[in-house]
Amino acid sequence: MSRVLIVEDEEHLARGLKFNLEAEGIDAEVVGDGESGLQRLLHADSGIDAVILDVMLPGISGFEVVSQLRNAKQYVPVLMLTARGRPEDVLRGFEAGVDDYLPKPFELAILVARLRGLIRRKRWASGVQTSTAQDSGSNSEEPSTFSFDGKSIDFPTLELRLKNETIQLTVMEAELLRHLIRNEGKAVSRKSILEDVWSLREDTDTRAIDNFIVRLRRYIEAVPSKPKHLLTVRGVGYKFIANPK
Ligand code: CA
């Protein structure tokens, strides 16, 4: 059975979530603040498969919780709950290392679906389903790995394998890369990145995308200030080139 940690200070919301998740066959624990959440999650073997994390918490915020987790190399999937899905909160969450988000108020069925998606990814990552993820042969699936210029990206595990190291991508970093790779050689607009990759409104501050690109360049470019794979297309957005001449 999957086990989820709910970090939420609104007691009746937390109780309702726990009740409904358990009705769906998902075990749930509740803590009411970020410090307690961190304590629980930073335990070597927490047994937690995914986290539902509120942003506005007493003490440290949800952003702080997730960035401390990632700094400690703890990659448990995190679904963030944001008040009204404010784009600036969403982007800040992605930058801190959140994997997915839902605006409050949310539909319970959607929350459960998103949570199951995150837990599945974790299962892949721990190797339980590598064979099916790798060659299930299901025709709607894109290839689960993409290799270019001595690097490879494994989408189910969110791993970027470089010559000497493996980098753990967040879901959002991987989705952005996947979108650019799908459109290889073509300019991709910031608007399309916001809408198609992250489901945000197009009037959202696009600087957040630029921050993501800076980070991805640090991972994949030999000289990040002189990119050969992730090119800026002036006035439009970005373009991915797998094998530059
Ligand atoms: Ca709250």
Side-chain angles (χ1 to χ4, degrees), residues 1-43 46-122 158 170-173 175 194 197-201 203-205 207-209 211-212:
M1 192 187 261
S2 305
R3 191 164 191 84
V4 166
L5 181 69
I6 302 168
V7 186
E8 170 61 76
D9 58 318
E10 286 168 59
E11 259 178 64
H12 80 277
L13 177 57
R15 261 204 314 273
L17 271 175
K18 178 175 160 72
F19 176 82
N20 281 286
L21 289 177
E22 291 185 340
E24 295 280 338
I26 300 172
D27 255 353
E29 284 176 38
V30 175
V31 293
D33 65 274
E35 285 288 356
S36 318
L38 269 180
Q39 266 178 25
R40 182 71 184 81
L41 293 164
L42 289 176
H43 218 266
S46 72
I48 300 291
D49 298 299
V51 181
I52 300 174
L53 178 65
D54 190 27
V55 171
M56 299 293 287
L57 292 164
I60 61 172
S61 73
F63 300 126
E64 186 61 26
V65 171
V66 79
S67 68
Q68 286 199 32
L69 278 179
R70 298 321 185 214
N71 286 341
K73 303 213 175 304
Q74 202 350 315
Y75 295 106
V76 63
V78 173
L79 174 73
M80 182 177 72
L81 302 178
T82 63
R84 296 173 299 278
R86 293 197 315 165
E88 56 271 40
D89 284 353
V90 172
L91 293 169
R92 201 172 151 200
F94 289 163
E95 293 197 288
V98 157
D99 296 290
D100 200 357
Y101 79 98
L102 268 185
K104 284 179 173 179
F106 50 82
E107 296 270 345
L108 195 70
I110 293 177
L111 179 124
V112 171
R114 296 276 186 87
L115 207 53
R116 287 197 193 283
L118 289 178
I119 292 169
R120 253 197 320 272
R121 280 179 193 278
K122 193 193 172 196
L158 308 177
T170 67
V171 173
M172 292 304 147
E173 289 168 342
E175 291 299 328
L194 284 175
V197 184
W198 296 332
S199 306
L200 292 173
R201 295 193 319 260
D203 58 352
T204 306
D205 187 351
R207 275 173 304 182
I209 296 174
N211 294 340
F212 268 83

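Order of listing sets the numbers, starting from 1, for every ligand and every atom in it.
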Inset, instruction - Start with the C-alpha gap between V66 and M80, add the side-chain angles, then the distance that decides, and say whether side-chain contact (heavy atoms from CB on, under 4.5 Å) holds. - result: CA-CA 9 Å; V66 79; M80 182 177 72; over 6 Å; no
Legend entry - Evaluation steps, side-chain contact (heavy atoms from CB on, under 4.5 Å), between V7 and V65: CA-CA 10 Å; V7 186; V65 171; 5.5 Å; no
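For the 3.5 Å distance criterion, the side chains of Q39 and E35 fail to qualify, holding no donor opposite an acceptor.
At a cut-off of 3.0 Å, measuring from the Ca ion (ligand 1), the protein N, O or S atoms that fall short of it are D9 OD1, D54 OD2, M56 O, waters left aside.
Between D99 and R70 a salt bridge is recorded (basic side-chain N to carboxylate O distance below 4.0 Å). For E88 and R92, the salt-bridge test fails: no basic side-chain N is under 4.0 Å from an acidic carboxylate O.
Counting only heavy atoms from C-beta outward, the side chains of L21 and I52 approach each other to under 4.5 Å.
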